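Have a look at the structure below, then the notes.
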Amino acid sequence: MGVEWVTAPPDEEIHRVYEPVEIRNRDGSWALGRINARWYGDRGEDWCRLRIVGSDRPARWVPFDPDVFVELQIDGT
């Protein structure tokens with residue numbers, strides 16, 4: 001995850017969500033995280049506000065990449 005956004009998008013454009021994810025790192029390791037907001041840019045970019053579980057780093061905006069983030073099921077089968 002090399003790209004990171006410093007400034008949040010306009011609040012009225014943010015979609016609040018709760019999405020647990022598995023984050024696959026380039027070295028083959030993985031971590032659990034939570035996406036708590038999504039934002040879709042003018043050109044169709046999909047950004048998510050991500051927090052890594054157990055990390056002291058604050059949540060940050062990163063582009064959503066389905067090759068990196070595996071969305072985990074919350075409930076049901």
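Owing to the predicted nature of the structure, the values given are computational and were not obtained by experimental measurement. The figures here come from the full heavy-atom set of this structure, side chains too, leaving out hydrogens, waters and symmetry mates.
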Margin query: Tell me if the CZ atom of Arg38 is crowded by more than 12 foreign heavy atoms within 6.0 Å.
Written below: yes
Item checked: CG (Asp27) with more than 12 external heavy atoms under 6.0 Å -> yes
Item checked: side-chain contact (heavy atoms from CB on, under 4.5 Å) between Phe64 and Glu71, intermediate numbers included -> CA-CA 11 Å; Phe64 183 83; Glu71 295 174 284; 4.0 Å; yes
Check: Can Arg34 and Val17 be said to form a side-chain contact (heavy atoms from CB on, under 4.5 Å), step by step?
Finding: CA-CA 9 Å; Arg34 287 194 192 98; Val17 298; over 6 Å; no
Next item on the list: Would you indicate whether the side-chain heavy atoms of Val68 and Asn25 approach each other to under 4.5 Å?
Entry: no
Checklist line | Arg16 and Asp11 ion-paired at < 4.0 Å | finding: yes
Margin query: Strictly below 4.0 Å, N to O, side chains only: are Glu19 and Arg51 in salt-bridge contact?
Written below: no
Next item on the list: Enter the distance from Ile35:CD1 to Trp47:CH2 here, rounded to the nearest 0.5 Å.
Entry: 13.0 Å
Between [X] and [Y], which heavy-atom pair has the shortest distance, and what is it?
{"X": "Pro63", "Y": "Phe69", "value": "O-CE1, 3.6 Å"}
{"X": "Ile14", "Y": "Ala37", "value": "CG2-CB, 3.6 Å"}
{"X": "Arg43", "Y": "Glu45", "value": "N-OE1, 3.0 Å"}
{"X": "Gly41", "Y": "Trp39", "value": "CA-CH2, 3.4 Å"}

Check: Hey, quick one: are Trp30 and Leu50 part of the same hydrophobic cluster, counting side-chain heavy atoms closer than 4.5 Å, chains of contacts allowed?
Finding: no
Next item on the list: Could you walk me through whether Ile23 and Ile52 pass side-chain contact (heavy atoms from CB on, under 4.5 Å), step by step?
Entry: CA-CA 9 Å; Ile23 304 156; Ile52 298 173; 3.9 Å; yes
Margin query: Does Asp46 form a side-chain contact (heavy atoms from CB on, under 4.5 Å) with Asp65? I'd like the steps, not just the answer.
Written below: CA-CA 8 Å; Asp46 184 1; Asp65 182 344; over 6 Å; no
